[in-house]
Trainee: 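For reference, the structure I am asking about is given below.
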Amino acid sequence: MKKETKLTHLGRMTSEHYGAVNTPIYRASTIVHPTLDHIRRRQTQPYYYGRRATPTIDSFTSAMRELEAAEMSVVCPSGVAALALCFLTVLKAGDHVLVVDTAYDPTQVMAQDFLRKYNIEVDFFAPRETMADLSKRLKPNTRMIMAESPGSLTMELLDIPALVALCKKHDIALAIDNTWATPLFMQPIPMGVDFSIHSATKYIVGHADALLGTVSCNAKWADKLKHTHGLLGITAGPDDITLALRGLRSLAARLEHHQKVGLEIAQWLETLTFVRAVLHPALPSHPDHSLWQRDFAGATGLFTISIDPIDDTHLAAMLDHMQLFAMGYSWGGFESLILPVIPDRKIAPRDGQELLLRLSIGLENSDDLKNDLAEGFRRAGFTLPG
Ligand SMILES: *Cc1c(COP(=O)(O)O)cnc(C)c1O
């Protein structure tokens, strides 16, 4: 079965639910056990306490496990909680972790402000470092690399097979925040990555109305992930999980539009003289385009542009009066977003990135979105053809 067909079938428990197509929302904390023998054998029952599992949770996590080709998937109340769970599954006091300096900002803050408090050593690396340079950062106690590709804000890709080889050689756990690509356009676990993490808040939920995260892993880490998830108790509520499951059903159809319109707008932006760079991995001009071609099955609708610097009055003239593009954190919903971004956590400054605007292309019509941007650029004082 192709992925779009799978998306309509995965996780369904129709025959267990009187023919209902969707698994009902199980609002269950207590699950009662009929006999003494049954409650004594609770660990072998499919359901024995709502924090551990319900049919609602199982419908979603079994779908994610299949999509990620993983051994185990667990659900968390947010993407950030999923990242914390992954760190805590692998690391203990005295360990060393390397984090890519293009990771989602809260991932980097979590590593340096939280993990360090528990005597975990944290270092950062740049996404385009050679494997030889990255090797020099390894220590005898390096236990984990936390990666993200493309990087948040500046969209650098990582050479995942090379990272897998490095990590296997040194017995290091490799985790990837796979939120941008979704499980449809990148499956890290079959490539040898140990953990794939999603902020399901973005494309999986897809409608900007729920927060959710997932961690999936290979057989090597499955027991430890499940155990740590249970210990920390970071499961999610049944309504949010149901919204994510609903989101999965239309994920392929939505991504087709996000990909097509995103690329059309990226190509148009490349023709504008004041646009210095369009940081979109599916464009041949992207420095890591060949990695994208090799490792990804598609591109989603999130990318960044670098434009000629303008003062705040002109920037506000553009951004305060957009008709379709709203300013807001998050992305991956049906609505287009625009955000001025400052990648200030880089270990080495990058050139030509003075004014960056991150665009999340929603489900609107491509010409309408172009017009909205064109009008905005004119308000900012730029000259456009036509
Ligand atoms: C938004 C985001 C997260 C965090 O997700 P929440 O669900 O908001 O906690 C993690 N990683 C990436 C790449 C993100 O964009």
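Indexing begins at 1, ligand by ligand and atom by atom, following the structure's order. Counting begins at 1 with the first residue of the sequence. Quick caveat: nothing in here was measured; it's all calculated off a predicted structure.
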Trainee: Only heavy atoms of Trp331, strictly under 4.0 Å: list the atoms of ligand 1 that pass.
Mentor: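 Near Trp331, meaning under 4.0 Å from one of its heavy atoms, ligand 1 has 15 (O).
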Trainee: Given Leu163, which of Val100, Val193, Leu174 fulfils the side chain to side chain contact (heavy atoms under 4.5 Å, CB included) condition?
Mentor: Leu174
Trainee: Using a strict 4.0 Å cut-off to heavy atoms of Ser152, name the atoms of ligand 1 that fall inside it.
Mentor: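 With Ser152 as reference, the close atoms of ligand 1 come out as 13 (C).
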Trainee: Are Tyr26 and His17 close enough that their ring centres sit under 6.0 Å apart?
Mentor: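 Ring centres of His17 and Tyr26 closer than 6.0 Å.
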Trainee: Under 4.0 Å from a heavy atom of Val80: which atoms of ligand 1 are those, numbered in the order shown and with their elements?
Mentor: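 Under 4.0 Å from Val80, ligand 1 has these atoms: 4 (C), 5 (O), 6 (P), 9 (O).
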Trainee: Checking Ser285 against Glu270: is there a side-chain donor and acceptor pair closer than 3.5 Å?
Mentor: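 Result is yes, a qualifying pair exists.
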Trainee: Give the atoms of ligand 1, by number and element, whose distance to some non-hydrogen atom of Asp177 is under 4.0 Å.
Mentor: 10 (C), 11 (N), 12 (C), 13 (C)
Trainee: Aromatic contact between Trp180 and Tyr203, with the criterion being ring centroids under 6.0 Å apart: yes or no?
Mentor: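 Trp180 vs Tyr203: aromatic centres not under 6.0 Å.
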Trainee: Flag Thr201 as yes when one of its N or O atoms lies below 3.5 Å from any N or O atom of ligand 1, and as no otherwise.
Mentor: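 Looking only at distances, the answer is yes, because the N/O contact criterion of under 3.5 Å is met.
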Trainee: Are Phe382 and Phe274 near enough that their ring centres are under 6.0 Å apart?
Mentor: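 Between Phe382 and Phe274, the centre distance is under 6.0 Å.
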Trainee: Identify the closest protein heavy atom to atom 8 (O) of ligand 1: which residue and atom is it, and at what distance?
Mentor: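 Answer for atom 8 (O) of ligand 1: Leu211 CD2, 3.8 Å.
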Trainee: What about Gly79: any of its N or O atoms under 3.5 Å from an N or O on ligand 1?
Mentor: yes
Trainee: Answer with side chain, backbone, both or neither: which part of Ser330 has a heavy atom less than 4.0 angstrom from an atom of ligand 1?
Mentor: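 For Ser330, no heavy atom sits under 4.0 Å from ligand 1.
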Trainee: Nearest to atom 3 (C) of ligand 1, what protein heavy atom do you find, and at what distance?
Mentor: Tyr104 CE2, 3.2 Å
Trainee: I'd like to know if Glu129 pairs up with Arg137 as an ion pair, taking the criterion as any Lys NZ or Arg NE/NH1/NH2 lying under 4.0 Å from an Asp or Glu carboxylate oxygen.
Mentor: yes
Trainee: So, 4.0 Å and heavy atoms of Trp180: is ligand 1 close enough to count as a contact?
Mentor: no
Trainee: If we ignore angles and hydrogens, is there a donor and acceptor under 3.5 Å between the side chains of Asn141 and Asp95?
Mentor: no
Trainee: For the pair Lys117 and Asp113, find out whether any cationic side-chain nitrogen is under 4.0 Å from an anionic carboxylate oxygen.
Mentor: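 The answer is no: the pair does not qualify as a salt bridge.
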Trainee: Tell me the nearest of Gly332, Ser199, Ala84, Ala103 to atom 5 (O) of ligand 1, using heavy-atom distances.
Mentor: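 It is Ser199 that holds the nearest heavy atom.
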Trainee: Starting from atom 15 (O) of ligand 1, locate the nearest protein heavy atom and write down its residue, its atom name and how far away it is, to 0.1 Å.
Mentor: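 The closest one turns out to be Lys202 NZ, 2.8 Å.
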